[in-house]
Amino acid sequence: KPESPGQGAEGRPGNVIILTGGLTGSSALAGLLTAAGYWCGEDTFKKSDYNTYENSELIQLNRRLMQRVDVAEKEYTMAFQPDAIRRIEALRGVEDEADFRAMIVRSDSHAPWVWKDPRLWLTVRFWAPLLDWSRIRVLLLRRDPVQAWISTTQRRQIQTYRYQKGYNDSIQASLREFLETNRVDYLPVLFEDLIVTPERELARLSGFLGRAITMEHFRSSYDGDFYRKPKTLRDGAEAALIYLKNYGERLR
C-alpha cells in the first residue's frame, strides 16, 4: 500500500493515469498535471488546434493492440465494444510484452509521469499486470452529458444525445468495474467542475495526488475561461444546426 496518497513504495513519486473516453477535456487535465511537474513523454501527439499531452509511444502501442484484434482507429471513438475489450485482454501472454515493459521503464525514469490516451479504456486490462499500481493514482474523468454532446457534434461526430450518453456511460461503467475489481484507488473528476469551480477541484486533486496542483499551473496550461461551462448557449445552437444538417447519418 502507498505510504501517502501521492507516493508509492519506498516514498517514490506517485504517477498518474487518466482514464476516460474521447473529447472529455482530458487534454486540459493532462496539461494541468504536466504544468505541475508530471512527465507526459518525450514526444506528444498534437492536433491542429491543441496539444493532447498523449505520449506518442503509448498511442503506438495501444494502436498495435487494437490492430491485433481488428479494431479500426475511428471505431473506438463512436462505439462501445465490450468484445474488443475482452479480445485485447486475451492478448496477455500472447503478444510480446518487451516493448510495453520498455515503455514503462522509460516512463519510470522520468517519474512522476502522467499517461493519457482515450484508447486506454480498451487496452488498460492488457497493461494492468505490467504496472506497479502501488505507485499509480488514477483519475477517472467524465463530462457533463449535454456538454459532451455539444462537443462531439461540433467535431462532426453525429449522434443522438441518447446514443452519445449511452456510449460514455458504458465506458465509465467498464472502467469503474476494472478499477474496483482490481482494488485500484481512483478519483472521479467531472471536467465541468474542474473549470467552473477550479479552486475546489484543485484542492481535491492535490489531496488525492499528494502534490500541490495550483491555479498558477492551470492558468499556464489552459486557454479557456474559468468559472463558466466551456460550451455556451451559442455552442449549443451551433451543434443543433450541425446535427440537423447531418440528421440522416446520425448514430442512434
Side-chain angles (χ1 to χ4, degrees), residues 1-3 6-22 26-27 29-47 51-73 75-77 81 84-141 171 174-175 178-179 181-186 209-211:
K1 288 287 184 182
E3 296 178 4
Q7 292 187 331
E10 300 176 359
R12 291 177 293 181
N15 306 303
V16 176
I17 294 178
I18 299 171
L19 291 178
T20 188
S26 56
S27 295
L29 179 55
L32 165 64
L33 296 181
T34 300
Y38 289 84
W39 184 78
C40 63
E42 295 175 0
D43 178 50
T44 58
F45 176 65
K46 298 176 179 64
K47 295 189 176 181
N51 187 351
T52 67
Y53 297 96
E54 293 168 8
N55 188 313
S56 295
E57 185 179 8
L58 177 62
I59 293 174
Q60 291 169 3
L61 291 172
N62 283 332
R63 282 176 172 166
R64 182 199 296 184
L65 295 174
M66 291 164 61
Q67 289 166 1
R68 294 287 190 270
V69 299
D70 296 320
V71 176
E73 177 63 17
E75 279 183 43
Y76 84 96
T77 65
Q81 302 176 68
I85 293 173
R86 290 190 289 269
R87 297 201 311 271
I88 290 174
E89 184 177 12
L91 292 173
R92 290 180 185 174
V94 177
E95 182 72 13
D96 187 346
E97 297 174 351
D99 290 339
F100 298 86
R101 292 183 181 277
M103 159 88 188
I104 294 169
V105 169
R106 273 188 289 277
S107 295
D108 283 342
S109 71
H110 295 278
W113 47 258
V114 56
W115 282 9
K116 189 275 280 189
D117 178 7
R119 297 166 188 84
L120 282 168
W121 72 257
L122 278 168
T123 67
V124 68
R125 290 166 176 80
F126 177 90
W127 286 98
L130 307 178
L131 292 163
D132 180 358
W133 290 99
S134 70
R135 297 181 58 200
I136 294 170
R137 289 298 186 224
V138 171
L139 302 178
L140 182 60
L141 178 66
I171 290 174
S174 173
L175 291 172
F178 162 74
L179 294 167
T181 298
N182 291 278
R183 299 182 180 180
V184 176
D185 289 336
Y186 69 95
L209 300 177
R211 187 182 184 94

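Side-chain atoms are counted along with the backbone in the values below, which use heavy atoms only and exclude waters and symmetry mates.
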With [X], which residues qualify under salt bridge (charged side-chain N to carboxylate O under 4.0 Å, His left out), at least two apart?
X	value
Glu95	Arg64, Arg68
Glu42	none
Arg119	Glu73, Asp117

* Decide yes or no for Asn15 and Val114: does some side-chain heavy atom of the first lie under 4.5 Å from some side-chain heavy atom of the second? =>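 Asn15 does not reach Val114 side chain to side chain.
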
Does the ring centre of Trp127 sit less than 6.0 Å away from the ring centre of Phe100?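 They qualify: ring centres under 6.0 Å apart.
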
Under a 3.5 Å distance rule, please check whether [X] uses its side chain to pair with a backbone N or O of [Y] as donor and acceptor.
X	Y	answer
Lys116	Thr52	yes
Arg137	Val16	no
Ser174	Ile171	no

- prompt: Mind checking what makes ring-ring contact (aromatic ring centres under 6.0 Å, His included) contact with Tyr76, not counting sequence neighbours?
  reply: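 In terms of ring-ring contact (aromatic ring centres under 6.0 Å, His included), with neighbours along the sequence ignored, Tyr76 is linked to no residue.
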
* Asked: Is it the case that Thr44 and Asn51 place a side-chain donor and acceptor less than 3.5 Å from each other?
  ->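 Note: Thr44 and Asn51 side chains meet the donor-acceptor criterion.
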
* Asked: Do Ser107 and Trp39 get their side chains close enough for a donor-acceptor pair, meaning under 3.5 Å?
  ->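 Per modelled atom types, Ser107 and Trp39 side chains form no pair under 3.5 Å.
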
Would you please name every residue forming a side chain to side chain contact (heavy atoms under 4.5 Å, CB included) with Asp43, sequence neighbours left out?
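For Asp43, the residues satisfying side chain to side chain contact (heavy atoms under 4.5 Å, CB included) (neighbours in sequence not counted) are Ser56.
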
- Message: Which residues pass the side chain to side chain contact (heavy atoms under 4.5 Å, CB included) test with Gln60, not counting sequence neighbours?
- Response: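 Scan of Gln60 (side chain to side chain contact (heavy atoms under 4.5 Å, CB included), adjacent residues dropped) gives none.
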
